[in-house]
Amino acid sequence: MLETFFKPELISVNLESSDKDELFEEMVELFQRADCGFDRGEALEALLAREEKMTTGIIPSVAIPHASCPSVQSGFGAIGISRKGIDYGSLDGKPVHIVFMLLFGSDGTALHLKVMQQLALILKNPEAASRIAEKKTPQEVFDEICALEEALV
């Protein structure tokens with residue numbers, strides 16, 4: 001399921017951002033470069049509004065910012081890896097190194113729940129985050145996500 005939601009061209013293995021605001025800009029830029037067909041300003045506003053409710057940095061070293069946007073058709077996601085860590089305001093107070101950014105259409109509730117559920121199941125594996133973080137190329141990250149999901153079956 002995640003292999004159809006994430007694509008290697010929407011994966012960055014060298015995020016440069018040092019804080020959450022920079023991160024959101026940098027990752028939304030990935031969607032724009034891949035021509036995902038959405039309103040950039042609307043997406044940033046929706047992501048920030050969701051984040052104001054409660055941090056999405058709830059798993060050690062991992063954040064999953066997500067939002068619904070009317071300009072998004074179905075849904076798509078980007079994955080980012082920060083080697084130095086990002087000041088994210090996580091629940092544990094530690095930097096985030098892996099980010100799964102998810103955007104869904106207004107009618108994408110079912111897809112939203114499925115993707116979040118799959119990510120939660122994958123990240124329950126205590127080795128999953130470190131296995132993802134050690135990958136050096138977008139294709140390696142994509143392949144690892146697919147392998148982790150396949151291992152759930």
Side-chain angles (χ1 to χ4, degrees), residues 2-3 5-106 108 111-113 115-120 122-125 127-146 148-149:
L2 294 179
E3 72 185 25
F5 191 77
F6 295 107
K7 301 286 180 214
E9 61 268 19
L10 290 170
I11 299 173
S12 173
V13 294
N14 291 303
L15 291 174
E16 296 178 13
S17 303
S18 59
D19 66 38
K20 191 185 303 188
D21 290 341
E22 287 177 6
L23 169 71
F24 283 16
E25 292 275 352
E26 184 176 0
M27 291 198 64
V28 166
E29 181 64 26
L30 285 173
F31 294 133
Q32 253 189 320
R33 277 187 290 190
D35 200 22
C36 291
F38 70 107
D39 182 291
R40 183 181 189 283
E42 177 188 85
L44 283 169
E45 187 176 313
L47 288 161
L48 291 169
R50 165 57 190 90
E51 199 67 27
E52 284 177 12
K53 293 178 185 176
M54 182 183 158
T55 183
T56 55
I58 58 173
I59 299 168
S61 187
V62 178
I64 308 175
H66 56 280
S68 295
C69 302
S71 64
V72 173
Q73 291 297 344
S74 176
F76 41 82
I79 302 170
I81 297 175
S82 170
R83 305 295 173 194
K84 62 186 179 215
I86 298 164
D87 180 15
Y88 198 86
S90 300
L91 290 180
D92 65 4
K94 295 180 180 172
V96 161
H97 291 274
I98 303 169
V99 180
F100 295 92
M101 181 174 277
L102 317 173
L103 289 176
F104 301 93
S106 298
L111 178 61
H112 192 149
L113 292 173
V115 171
M116 294 290 281
Q117 178 184 31
Q118 287 301 99
L119 285 174
I122 284 171
L123 294 168
K124 275 177 65 173
N125 175 344
E127 297 173 9
S130 60
R131 285 175 53 183
I132 294 166
E134 71 187 14
K135 302 306 176 199
K136 303 291 185 224
T137 69
Q139 187 64 52
E140 288 177 355
V141 172
F142 179 79
D143 292 345
E144 185 63 36
I145 295 292
C146 294
L148 287 164
E149 184 177 35

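Both backbone and side-chain heavy atoms feed into the values below; hydrogens, waters and symmetry mates do not.
Going from atom CG of L119 over to atom NZ of K124 covers 13.5 Å, rounded to the nearest 0.5 Å. One finds the CG atom of L23 at 6.0 Å from the CG atom of L15 (value rounded to the nearest 0.5 Å). To the nearest 0.5 Å, atom CG of residue D21 and atom CG of residue L48 are 6.0 Å apart. Taken to the nearest 0.5 Å, the NE2 atom of H97 stands 10.5 Å off from the CZ atom of R83. One distance of note links CG of L47 with CE of M101; it measures 4.5 Å at 0.5 Å rounding.
Partners of F5 according to the ring pair (Phe, Tyr, Trp, His ring centres under 6.0 Å) rule, which considers only residues two or more places apart in sequence or in another chain, are F104. Under the side chain to side chain donor-acceptor pair (under 3.5 Å) criterion, S17 pairs with E26, sequence neighbours left out. Partners of T56 according to the side chain to side chain donor-acceptor pair (under 3.5 Å) rule, which considers only residues two or more places apart in sequence or in another chain, are E51, Y88.
Pairing each heavy atom of A129 with each of I98, the nearest pair is O-CD1, 3.1 Å. Nearest approach of A128 to L148, heavy atoms of both residues: CB-CD1, 4.0 Å. Taking all atoms of both residues into account, the shortest heavy-atom contact from F6 to F100 is CZ-CD2, 3.9 Å. Taking each heavy atom of H66 and H112 in turn, the nearest pair found is CD2-NE2, 3.1 Å. In terms of heavy atoms, S90 sits closest to K94 at OG-O, 3.5 Å. Smallest separation of non-hydrogen atoms from A43 and C69: CA-SG, 3.6 Å.
A side-chain donor-acceptor contact under 3.5 Å links E42 to the backbone of S71. With hydrogens and angles disregarded, a donor-acceptor distance shorter than 3.5 Å links the side chain of E149 to the backbone of L2. Looking only at distances, a side-chain donor or acceptor of T55 sits under 3.5 Å from a matching main-chain atom of G57. Not one N or O on the side chain of R33 forms a donor-acceptor pair closer than 3.5 Å with the backbone of L10.
Annotation for E16: atom CD does not count as buried by contact number, only 12 or fewer foreign heavy atoms lying within 6.0 Å. Heavy-atom neighbours of E29 CD from other residues, nucleotides or ligands within 6.0 Å: above the threshold of 12. No more than 12 heavy-atom neighbours from other residues, nucleotides or ligands sit within 6.0 angstrom of CD on E3. Counting non-hydrogen atoms of other residues, nucleotides and ligands closer than 6.0 Å to CD of Q73 gives a total of 12 or fewer.
A salt bridge does not link E140 with R131: every distance from a Lys NZ or Arg NE/NH1/NH2 to an Asp or Glu carboxylate oxygen is 4.0 Å or more.
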